[in-house]
Amino acid sequence: VEAIGVDLAKQRAKNADLRVILTDGSALVLNPCGDDIVARSKSDIGHGDFSAKTGDGIDKLIDQITSALETRASSAGVAIRERHRLAMERSISALEMVEDQLKSAPDHAELVADDLRTAIRALDSLVGHVNVEHLLDEIFSSFCIGK
């Protein structure tokens with residue numbers, strides 16, 4: 001079962017738009033792609049780019065990720081359907097909640113994770129991972145179907 005999980009994780013990483021590889025510096029990162037972001041933790045003890053413990057350097061890492069995604073987003077298409085706009089609004093709202101929770105209650109990772117899942121589900125609908133119920137709703141709301 002563990003091997004299946006590792007294989008699935010590798011496949012998801014291979015298909016990801018952007019990979020952020022976090023390491024403590026003790027292991028060599030093998031085969032990073034040209035646009036992968038590799039960041040080492042443990043800056044609080046003088047051995048890395050950021051500290052997960054103190055938060056030092058996290059802003060720089062977020063800036064790197066933002067820059068990489070902004071470059072990619074600038075060449076993206078335009079949302080032409082109401083469904084696309086609503087999905088993006090749901091995702092933005094969930095991400096804003098994540099940001100607020102990280103500032104006010106950084107120890108509540110389960111709440112942050114749930115809002116991240118909400119954002120991901122909203123974005124999934126933009127890239128083709130559509131729930132069957134949502135698809136049927138879209139069909140019946142967009143087309144006049146009669147007997």
Side-chain angles (χ1 to χ4, degrees), residues 1-27 29-45 47-142:
V1 173
E2 184 177 336
I4 292 170
V6 169
D7 289 341
L8 287 172
K10 286 180 180 179
Q11 186 62 37
R12 288 196 73 176
K14 180 181 174 186
N15 294 333
D17 293 325
L18 176 67
R19 285 170 296 280
V20 179
I21 302 166
L22 303 176
T23 176
D24 65 1
S26 65
V29 177
L30 300 175
N31 303 323
C33 294
D35 57 352
D36 286 349
I37 296 172
V38 180
R40 295 177 308 133
S41 65
K42 309 283 186 190
S43 71
D44 53 304
I45 58 172
H47 293 93
D49 305 310
F50 73 97
S51 170
K53 185 176 182 178
T54 66
D56 180 52
I58 296 289
D59 289 339
K60 183 178 176 186
L61 179 58
I62 291 172
D63 289 344
Q64 280 184 281
I65 294 168
T66 300
S67 176
L69 294 177
E70 280 178 344
T71 301
R72 292 171 186 218
S74 67
S75 63
V78 176
I80 58 172
R81 304 282 308 221
E82 178 70 4
R83 177 178 60 85
H84 298 158
R85 185 186 65 75
L86 292 173
M88 286 187 268
E89 284 179 356
R90 280 193 311 273
S91 182
I92 289 168
S93 175
L95 291 172
E96 286 171 345
M97 289 180 69
V98 165
E99 185 177 30
D100 290 344
Q101 288 174 358
L102 286 173
K103 288 178 183 174
S104 64
D107 296 336
H108 294 105
E110 66 280 356
L111 298 175
V112 172
D114 187 53
D115 286 329
L116 284 173
R117 279 188 211 95
T118 299
I120 290 168
R121 280 189 213 110
L123 293 175
D124 274 348
S125 68
L126 294 175
V127 295
H129 299 119
V130 178
N131 180 312
V132 172
E133 292 300 319
H134 291 158
L135 180 61
L136 291 173
D137 288 345
E138 178 69 18
I139 290 170
F140 286 106
S141 69
S142 297

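From a predicted model like this one, the values you see are computed outputs, not experimental measurements.
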Q: Residues two or more places apart in sequence or in another chain: which of them pass side-chain hydrogen bond (donor to acceptor under 3.5 Å, both in side chains) with Arg117?
A: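 For Arg117, no residue satisfies side-chain hydrogen bond (donor to acceptor under 3.5 Å, both in side chains) once neighbours in sequence are set aside.
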Q: State which residues pass side-chain contact (heavy atoms from CB on, under 4.5 Å) with Ile65; sequence neighbours excluded, sorted by chain then number.
A: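 With sequence neighbours excluded, Ile65 shows a side-chain contact (heavy atoms from CB on, under 4.5 Å) to Leu18, Val20, Ile37, Leu61, Leu69, given in chain and number order.
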Q: I'd like to check the side-chain contact (heavy atoms from CB on, under 4.5 Å) partners of Thr118; sequence neighbours left out, ordered by chain and number.
A: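 In terms of side-chain contact (heavy atoms from CB on, under 4.5 Å), with neighbours along the sequence ignored, Thr118 is linked to Ala94, Arg121.
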Q: Pairs in or reaching into residues 91-104: which pass salt bridge (charged side-chain N to carboxylate O under 4.0 Å, His left out), with residues at least two apart or in two chains?
A: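 Residue pairs with at least one partner in residues 91-104: Glu99-Lys103.
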Q: Which pair of non-hydrogen atoms, one from Ala39 and one from Phe50, has the smallest distance, and what is that distance?
A: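 Nearest heavy atoms, Ala39 then Phe50: CB-CE2, 3.8 Å.
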Q: I'd like to check the side-chain contact (heavy atoms from CB on, under 4.5 Å) partners of Ala87; sequence neighbours left out, ordered by chain and number.
A: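 With neighbours one apart ignored, the set is Arg90, Ser125, Leu126.
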Q: If I compare all heavy atoms of Val112 with all of Gln101, which pair ends up nearest, and what's the gap?
A: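 Of all heavy-atom pairs spanning Val112 and Gln101, the closest is N-OE1, 3.3 Å.
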Q: Which atom names give the shortest non-hydrogen contact between Val98 and Asp115, and what distance separates them?
A: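 That closest heavy-atom pairing would be CG2-CB, 3.5 Å.
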Q: Determine yes or no for a side-chain-to-main-chain donor-acceptor pair under 3.5 angstrom, with Ser67 supplying the side chain and Asp63 the backbone.
A: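 No; zero donor-acceptor contacts below 3.5 Å.
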Q: Rounded to the nearest 0.5 Å, how far apart are CG of Leu102 and CD1 of Ile58?
A: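 Between atom CG of Leu102 and atom CD1 of Ile58 there are 10.0 Å.
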Q: Please list, chain by chain and in numerical order, all residues satisfying side-chain contact (heavy atoms from CB on, under 4.5 Å) with Ser93, sequence neighbours excluded.
A: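 None.
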